Amino acid sequence: MDEDVSLMIPGPTFLHPRVLRAMSKPLMPHREKWFSDLFVEQGERMKKVYQTKNDLFIFSGSGTSSMDAAVSNIMRPGDKVLCLVSGKFSERFTEIVEAHGGIPVVLNFEWGSALDPEKVKEALTPDIKAVTMVHNESSTGVRNAVKPVSDIVGDSTAALIVDCISSMGGDDIRVDEWGIDLCISGSQKCLAVPPGLSFLSVSEKAWDIINKRPGYCYYLNVRKYKEDKYQAPYTQSITLTYALKEALDILFEEGLPQRIERHKRLAEITRSGLKKLGLTIFPKSEDICSRTVTAFNAPDHKSEKDIRDTLKSEYNIVIAGGQAHLKGKIMRIGHMGNCKERDIITTLACLEKALK
Ligand SMILES: Cc1ncc(COP(=O)(O)O)c(C=O)c1O
């Protein structure tokens, strides 16, 4: 096993040694007060990261578990859900809706472009129970504006579900101000915790819907979590909770605004460095580029797989390739969590060598 690898992918991200040490603490009985206090406290701290006063739940499971929770708590079989699709992860919502017996009404946007709220307005019919979107589409490196969509959905009876898995804790996400009903995130991205925890906030509007007509779900049932006063009704990931506490200590020591600013700066440095290498950015325009993952077009003269293989074998740096039809066409550099300017500069310098 290689301990020196540089993870420049859109998660999982590099773990701070303090987080690694926190995870070496012994397991203790999780039904004791000290653990429920610790667990509930981390939920309260996550609300600060979410910039919300809504309820927030912590689940054992990767980010997709919260996507599953959001959909399955809010809809029932036969319900229509409007899915705004512009990449691999927004597409996943259509599969989740189908898996729970719902009817996904798919509104497609070209991959690499941002969602168009005008089209959402046209597609939002009164029988739609929920609308799904991804804030930071990691598969294309596009950052979607949430507020223009929430302004439209907010006027309807539908709940707005937003996946912020690869941006929460690194970007400025204002859950209350933007009116997100169900906001999803995961541990292994900007929060720099190992994979295995996910987070879901639930607005009053979403509670009204859920309480009147609960969805069919068991393990990730938010009503059960709320009844248990935000503790996990089932055995919680104790070790990951230690890691989350330490990672949030680190986050608040840095300061949320400062962390958001750092991610913005790292994205700018990455884009300008790539352009200096003669590469082009994949998203249609600079103003829709993600602050946590940069997608760029593979050069014509060398296969992207060769480039990534060289980066790994010669320099021990891992960057990501494209997904679905973008496989072989684009590459992606993740710059989230504990990522520093030095990591970007090193990656770009090694990328320059690998391109030759
Ligand atoms: C935007 C987005 N949504 C969903 C997921 C899926 O999360 P997980 O792999 O943690 O289940 C990812 C993971 O890369 C992601 O970037």
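Each ligand, and each atom within it, is numbered from 1 in the order the structure gives. These figures come from a predicted structure and were not determined experimentally. Numbering of residues begins at 1 and proceeds along the displayed sequence.
- In summary, Glu286 and Arg271 engage in a salt bridge, as defined by a charged side-chain N under 4.0 Å from a carboxylate O.
- For atom 15 (C) of ligand 1, the nearest non-hydrogen atom of the protein is Ser138 OG, 3.5 Å.
- With a 4.0 Å heavy-atom cut-off, ligand 1 is reached by the side chain of Lys189 but not by its N, CA, C or O.
- Scanning the protein for heavy atoms near atom 12 (C) of ligand 1, the closest one is Phe89 CE2, 3.3 Å.
- Using a 4.0 Å heavy-atom cutoff, Gln188 is listed among the residues neighbouring ligand 1.
- At a heavy-atom distance under 4.0 Å, atoms from both the backbone and the side chain of Thr64 approach ligand 1.
- Put simply, the side chain of Cys190 does not reach to within 4.5 Å of the side chain of Asp171, judged on heavy atoms.
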* Would you check, one step at a time, whether the test ring-ring contact (aromatic ring centres under 6.0 Å, His included) holds for Phe59 with Tyr219? => CA-CA 9 Å; Phe59 301 124; Tyr219 188 68; 7.9 Å; no

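- Considering only non-hydrogen protein atoms, atom 3 (N) of ligand 1 sits nearest to Asp163 OD2, 2.6 Å.
- Listed by number with element, the atoms of ligand 1 under 4.0 Å from a non-hydrogen atom of Ser166 are 1 (C), 16 (O).
- Counting heavy atoms from C-beta on, the side chains of Arg213 and Lys129 come closer than 4.5 Å.
- The residues Glu44 and Lys47 are annotated as salt-bridged, a charged nitrogen and a carboxylate oxygen being separated by less than 4.0 angstrom.
- The protein heavy atom nearest to atom 6 (C) of ligand 1 is Arg92 NH1, 3.3 Å.
- Among Ser66, Ser60, Ser187, the single residue meeting the side chain to side chain donor-acceptor pair (under 3.5 Å) criterion with Ser198 is Ser66.
- Of all the atoms in ligand 1, the ones that sit under 4.0 Å from a non-hydrogen atom of Ser62 are 8 (P), 10 (O), 11 (O).
- Looking at Ser167, Ser185, Ser166 one by one, the single match for side chain to side chain donor-acceptor pair (under 3.5 Å) with His135 turns out to be Ser167.
- If you number the atoms of ligand 1 from 1 as listed, the ones under 4.0 Å from a heavy atom of Asn136 come out as 1 (C).
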